[in-house]
Every structure is written in structure tokens, then in C-alpha cells.
Amino acid sequence: MLSKSRTAKMLALAATGSLLFSGCASGSDTPEASTNGTTTITWWHNSNNGEGKAYYEKVAKDFEATHQGVDIEVNAMQHEDMLTKLDAAFQSGDTPDVYMERGGGELAAHVEAGLTKDLSEQASEELKFLGDTAGGWQIDGKTYALPYSLGAAGFWYNKALFKKAGVDKAPETWQDLLDASDKLKKAGITPISVGAGDKWPAAHYWYYAAVRECAQQTLADSVTNMDFSDQCFVKAGEDVDQLIKTEPFNPGFLSTPAQSGPTSASGLLATGKVAMELAGHWEPGVMQGLTEDGKGLGKNTGWFSFPAIEGGQGDPKAQLGGGDAWAVAQDAPDEAVEFAKYMVSEKVQKGFAELDMGLPTNPKAKDSVADPALVSMMDVRDKAPYFQLYFDTAFGASVGGAMNDQIALLFAGKSDAQKIVDASQDAADLEK
Amino acid sequence: MIPTVAQEVSFVSSSRTDDADPNPVSVTQPTRIKSVKAKERRRKPADKRKNLEILFFISPALILIAVFMLLPIIQAVRFSVYNWKGFGPLVDFVGLKNYARVLQNEVFTDAMIHNLIIIGGSIALQLPIGLGIALLLNRKMKIQSLLRTIIFVPYVLSEVIAGVIWFQLLQPQYGVVDTIISKLGIQGPAQGWLGTPELALWTVLAVLTWKYLGLAVILFLAGLQGVPSELYEAAQIDGASWWQIQRKITIPLLGPTLRTWGFLSMIGSLQLFDMVWILTGGGPANSTTTMASFLVSEGTKRQNFGVAAAASVILFVVALILAVSYQQFVLKRDSQPDDERTKPKKVKA
């Protein structure tokens, strides 16, 4: 009797124990572990809509076909979701093998923590043709990611609505912009959509105003020294405030998201509810995903550069922007590096350009860009005397976050030009 | 009169069983303790086996609690004294600086006030409305169960789904809410219900009330089932009106349920995150930031994980203090053995 119950207990104990241990074991195994000779590469990207998603699936298949024993696990995510998940991945140390880096202070932090692989040696061929475009992903002379899309931010606009309101010429100066907005309003059209709910779309106005107001050297120094004492930064805030006071933005812009859903800032532009939006090179792709026919604004898509500001110290042709680059995790297999290199190859970049998924960095793929608006932007990008990385990327999440929060408050009428500078400086001082 | 007697009977019987617990501190029953101790000694081997058995069967639960509750709490405390970006080793020790940064941050102190407004607002709105609906639904009627289901549906819905639906309904101009009220000739706020800093928190509160009213009603209805029908009959015989019966019998006897619900509501409001995050993300102009949404945006958006951890520890302490004092001052009367509570009444009678 006793022995029987004891055996039963031992069995139960063994069963529970094995359950517990198997639970632990499955948690700690490495994704690269090869059981039957195949290497699995995890790849995260943010082309989660329509053609772009299908194209990347095809790219992964093509790579698998030419590389025996490589299996690519593709994960397409919405942009913001991906950033959140990447943060969690960095925290746990279990980063995807190939992922997106935006350069600047963010990349520097990842490199410092030893999360990102130095690609200078293995991708030396690619770096030759990428040239200057890889600059944003270089730290101390080493390159940590291969840029596949690099674009300037600017105003995307609806040509038909501009015509309807009698705005014949894309605005070139700050006053032109204010006038155009006025004309649009008189024609009963909401001039601009901005996703101030996500903060960074609102912040882009301030960044760009600062690029126009501040001299090139001042900008460069402020990034290296984390110093915002120059008066041009306050002026930038005053310019943006002037625009906000004319009330050009879509109703409810304070809670409008950037690009998720038809009521987001991009959605409003894509569905013809507003005339323009300040956004990056990703906008056509985003708009395509937000319209039923998958075409976005189609032929009505127009682009103009951020207008010149009178009296500003910056070059009116200078561009604010950013790019996306493929980075490889420190502990990823060599095949992952091969895959990142393949992603910037002529073949992949051409297809990428043909679908208007972004602005290709491979010079041989530049002619494949179909969208005339993107072509005009690429011209501006290539002719820009200098290129400023988005501030929140350049300064890193902590300073960038404080800056963006305060700029969003300005949009809500709860802050002023000086407070933006003060909040940014306070956050920067904590970093030093 | 009648209810107190009935209560007393039940409480007396329950307090008897309480006394049966061996209480080593008590000096009034030395003989009993001795006998219990002697018994313990005699049954020691068996007890040891029994304890092992208990340990064995609760250990999975204990392990889960340790891994998913205790460990994260300890980790949060550890992170909170470092300057940490969310990856890499913990090296930059800053002591209590992160706590100072959180407490000096206006956004956080405002967030605490928002939490308090939501606690107060939830109780002030849901208690009378919930009680009213529960009393109505407690009467015999034809579509009683259908009505109960309808009231309870929002609570069953996932908070995120409910949030997304309301976010779309509340869109300025194009949203359903604005369309309906504009048909009535009322203009919705220009920035929308969620985009106007002065209205956003109240809008969130309204959505929360819609969402959690079902829980209050269901709990109150369950409490109402526990009110013995003899009391109603007796009151009716005495000629009490419906109002008098509710006021003198139903609500007093519903006390323990109301207090328990108040506790749940308070803790839920303190930890409020999902609904705010979906509806407003804490904006516009930080007007709906709660302590939880503050710490999440500090952590995930700004990568100030040290500051976020400090905020989370503060939230934990605030919640703990409120919970313990609520237990101590409000809920205790429901669980304590009730001589003290009934004595004065007896004197009165």
C-alpha cells in the first residue's frame, strides 16, 4: 500500500520535474542551433503592406534558393510595433539576426552595448558603392549597417487639391507656405495633416526649422557637444509657433497618429482629406497601404522641399532626413551578413525602387525609381550641400524624446520656443 | 432591527470557528495550547510528510509567483538605482537620483493627480449608476437576463479592442459620436474629444465607466442574491415602501460587496494603462498621462529605463499604501470578529 503510493508520488515528482526542466530548456536554446544542417536567419522589416511585403518574401525565397541550407524567418511588422519589439529584443539580448538601424545616437548606444556587428571588413565591396550614404552608420571609422534607403523629409502634397485652391506653385519660402495654407483654407480644404499624437511628426517641423535657422557648423557642434545654447534653436521654435497660430492642421491633430489607419495623418492625405503633410521618404509606400486600390494618391502625388526661412543661417538646400540600414546582430551567423549584403545588391535594390518602397542607395538602382515625386526628392537629396539626420535619431532616444514631448506641447499651445530648448538641454545634460 | 439580529447570528457562529484556531499569543486559554502542542509533538512525523506534500503541490504556484512577480519587483528596484538605456550591463549607479527625477517631474505629479481623479470619478459615477441598474435588474421582469448580458458585454470585451472602437467612434468630424451630435445641432469640440486637453481625461473616464459598469452591476447583483428574502417579506408586512426597503435593508446588507468592489475599482484605476494608451497615449499635452503610461513612455519611448523603474517602484508603493490602508480602515470591518461593531448597537437598543 505504502510503496504503491510512494511510487505514484515519485512518478508525479519525476513528471513535474521533467515538465519544469523541459520548460527551461526550450526557453534557452539558440535560434541558430542547427539540427539538420540548416541555418536559420531571423529578419525583421517594416514593409508590412501589400506589394512591399510580397516583394520581401520573394527576396528571402531567392536568397534561400541560391544559398543551400539557409532558412530565412521573415517577420513583417508595422513600423512602431517593430521599434517596440526591437527595444525588447535588445534588452533581452536576443536580437533578430538582420534588422533595421536608423543610425545616429541610437546606433551608437547599440554599438557601445556590443549588440551590433562591425561590417567594415565583410561588406567592403558594398561600402565602396554606398560611399557617403553610409556615413550615418559609421562610428570611429567603422561601418555597422548597410543603408538601403535614404531620403529627405519634405512636404508631400495632393496636386489636385492645390490646383483646386489656386495654388499654382509649390511653396519655396516660409511666407509661400503660409499663403498656400491660407488659400487652401479659403477653398474649404484642410491644408496640412500632422500626427502630433505620435509626437515625432510634429517634431519634424521644429527640426527642419532649426536646419534652416542654424548654420551648418552650429548644427554639427550641437550634435557632438549636445549643446543647444545658440539662439537659432529658439528662433526655430518661434517659426513653428507662427505656423501653428495660423491653424493649418487637421482637426484633432493632437491625437492623430502618424501612419496607422485611414484617420492617421498619412491616411488623411492618402484619402484626399487634407492637401499636404510633412513626412519622410516612406510616405508613398505608407499611403499605398492605406488606400483600397493600393495606389495612395497615385498621379496626384507631389513633393516639395521644406521652404526657405528668411534670415536663417542654414543653407536653404540643406536637407533633413534619415535612412534605414540593415544591421546584423553581433552573434548572428555569417550567412546573415551575406543576406544584408544581398539586400543592397543591384538586383534587390532595383525591385525595391520599382515598387517605390523607398529611395535606393545603390547607384545602379537609382534609375529604376518609378514615382516622379520620389525622383524629384532623390534629386534634391543628391544635390543637398549637407544632410542632417533626424534630431531624435541623431541625439538618441532620451534627448530626442524630451525634445519631441516639448514640441508636441508647443503644438498643443502649452509650451514656447524657449522651453523646447531648455527641456532638450536638460535631457542632454543628464546624458553627459 | 431584524437584519442586525440576523447578522449577529451569522457573525457569532463565524467568530466561534475563528477562535478554534490555535493562537499561541493568547493567554486566556493556556490549557488548550498545551494540549495542541502535545498533539503536534505526537503527530510530528505525519505532519512533516503532510507539510512536504503541501510544499510539493504549491511549489509550481510558488515558482510562478517568484518568477513572474517577486523577481520583476526586485529587478525593478535594482534598475531604479542605475542610469540604464535598456540594454548592456548595469554599470552607471546613480543612487536615488532617478527617484528625484521622477518626483520632480511635473508630468509624473500630474499623472498622480489624474490617477486620483480617475479613482474618485470611477467611484462617483459607477457606484450610483451601477447600484441603480443592479436594483432595477433585480426586479422580476421579462427580458431580465438579456438586459444583464447587455450591461455585462463591455466588460467581457478586451480593453484594447474596446479602446480601438472608441478611438474610431470619437474621431473628430468623421467619427460616429461627432456625426450624431452634429445631427442634433451640437458642434463637437474642434480638436475632438480626445484631442482637447481639457476634455480628454473626462472622455477617457466616460469610456472607462462604460467599460467597467458591467462589473459593478454583476457584483452588486451577486451581492443582492445574498440578501435573505425573509427580510423583505418582514419589511413589507411592516408596511415599508420600496424606497425604505432599499435604503434600510438592501444597501446596508450590500455593504461588504460595495466595499470589495470599491477596492477592485481603486486598484484598477491606479494601474490604469491600456485604455489610456490606446485612446490618447497619455496626450494631448500630457493631459491624460497616468503613472503607468508615464513609466511605459519613459522606458520604451525614451529608453530611460532607470527612471521608468523608479516610477514603477513609486507606483507600487503608492498602490501598496492605498491597498493596505483600505484593507485596514474599510475592509477590516467585514472580516473582523464583530463584537466591537455590534456592541454599541446593543447598548443603543
Side-chain angles (χ1 to χ4, degrees), chain A residues 9 12-13 16 19-20 23 80 83-84 87-93 95 105-106 109-110 112-115 190 196-200 247 249-257 261-263 268 271 273 392 396-402 404-405 408-415 426-427 430-431, chain B residues 49 52-53 56-57 59-60 63 67 79 83-89 91 94 97-98 101 105 107 164 167-168 170-175 178 188-197 200 203 278-289 296-307:
Chain A
K9 272 177 199 160
L13 181 74
T16 321
L19 268 177
L20 278 173
E80 259 97 22
L83 297 185
T84 313
D87 281 339
F90 289 134
Q91 200 168 338
S92 67
T95 359
E106 280 177 19
H110 296 157
E112 202 184 331
L115 294 163
T190 307
D198 280 334
K199 293 174 184 166
W200 57 262
E247 298 183 352
F249 301 114
N250 59 299
F253 65 89
L254 289 177
S255 57
T256 304
T263 50
L268 289 171
T271 53
K273 296 275 196 290
D392 48 1
S398 183
V399 179
N404 290 1
D405 276 4
L409 282 179
L410 181 75
F411 273 70
K414 307 253 166 181
S415 184
D426 287 349
L430 286 169
E431 291 278 292
Chain B
R49 248 190 59 188
L52 270 176
E53 227 168 88
F56 175 74
F57 283 110
S59 60
I63 291 170
V67 172
F79 290 159
N83 191 359
W84 187 51
K85 277 198 183 309
F87 41 78
V91 279
V94 293
K97 260 189 202 157
N98 285 332
R101 266 178 82 178
N105 192 331
V107 178
V164 170
F167 181 78
Q168 294 302 343
L170 289 166
Q171 281 296 311
Q173 278 188 332
Y174 316 112
D178 273 18
Q191 281 288 329
W193 300 96
L194 295 169
T196 313
T203 311
I278 301 287
L279 287 178
T280 64
N286 300 321
S287 63
T288 57
T289 312
V296 169
S297 77
E298 273 292 332
T300 60
K301 297 248 148 131
R302 293 207 198 171
Q303 300 190 341
N304 291 332
F305 280 90
V307 175

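The structure displayed is predicted, hence computed values, not measured ones.
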Closest approach of B:Leu170 to B:Thr203 (non-hydrogen atoms, all atoms of both residues): CD1-CG2, 3.6 Å
Minimal non-hydrogen separation, B:Glu298 against B:Asn105, with atom names: OE2-ND2, 4.4 Å
Top of A:Ala397, A:Ser92, A:Gly396 for chain B proximity - count of heavy-atom pairs under 4.5 angstrom: A:Ala397
Heavy-atom pairs under 4.5 Å with chain B, option from A:Ala412, A:Ala408, A:Gly400, A:Ala402 with the top count: A:Ala402
Partner chain A: residue of B:Gly192, B:Gly281, B:Ala285 with the largest heavy-atom pair count (under 4.5 Å): B:Ala285
Side chain / backbone / both / neither for A:Phe249 at chain B, heavy atoms under 4.5 Å: neither
A:Leu410 to A:Ser415 - nearest heavy-atom pair and separation: CD1-O, 3.4 Å
Worked check of side chain to side chain contact (heavy atoms under 4.5 Å, CB included) between A:Thr256 and A:Asn250: CA-CA 9 Å; A:Thr256 304; A:Asn250 59 299; 3.2 Å; yes
Proximity breakdown for B:Trp193 and chain A, heavy-atom pairs closer than 4.5 Å: neither
Contact origin within B:Gln168 toward chain A - heavy atom pairs under 4.5 Å: side chain
Contact check, side chains of A:Phe253 and A:Leu268, non-hydrogen atoms, under 4.5 Å: no
Close side-chain approach of B:Thr280 to A:Ser255, heavy-atom, < 4.5 Å: no
Chain B contact via A:Ala109 - which portion, at a heavy-atom distance below 4.5 Å: both
Part of B:Ala190 within contact of chain A (heavy atom distance under 4.5 Å): backbone
Portion of A:Ala427 that has a non-hydrogen atom of chain B nearer than 4.5 angstrom: neither
Closest-packed option against chain B by number of heavy-atom pairs under 4.5 Å, given A:Thr84, A:Leu83, A:Thr263: A:Thr263
Side-chain ion pair, A:Lys199 and A:Asp392, N-O less than 4.0 Å: no
Top contributor to chain B interface from A:Gly401, A:Ala113, A:Gly252 [non-hydrogen pairs under 4.5 Å]: A:Gly252
Between B:Lys97, B:Lys85, B:Arg101, the one whose heavy-atom pairs under 4.5 Å with chain A are most numerous: B:Arg101
Closest contact, heavy atoms only, A:Leu254 versus B:Pro197: CD1-CD, 4.3 Å
Derivation of the salt bridge (charged side-chain N to carboxylate O under 4.0 Å, His left out) call for A:Asp405 and B:Lys301: CA-CA 10 Å; A:Asp405 276 4; B:Lys301 297 248 148 131; over 6 Å; no
Top contributor to chain A contacts, counting heavy-atom pairs under 4.5 Å, from B:Gly299, B:Ala200, B:Gly195: B:Gly195
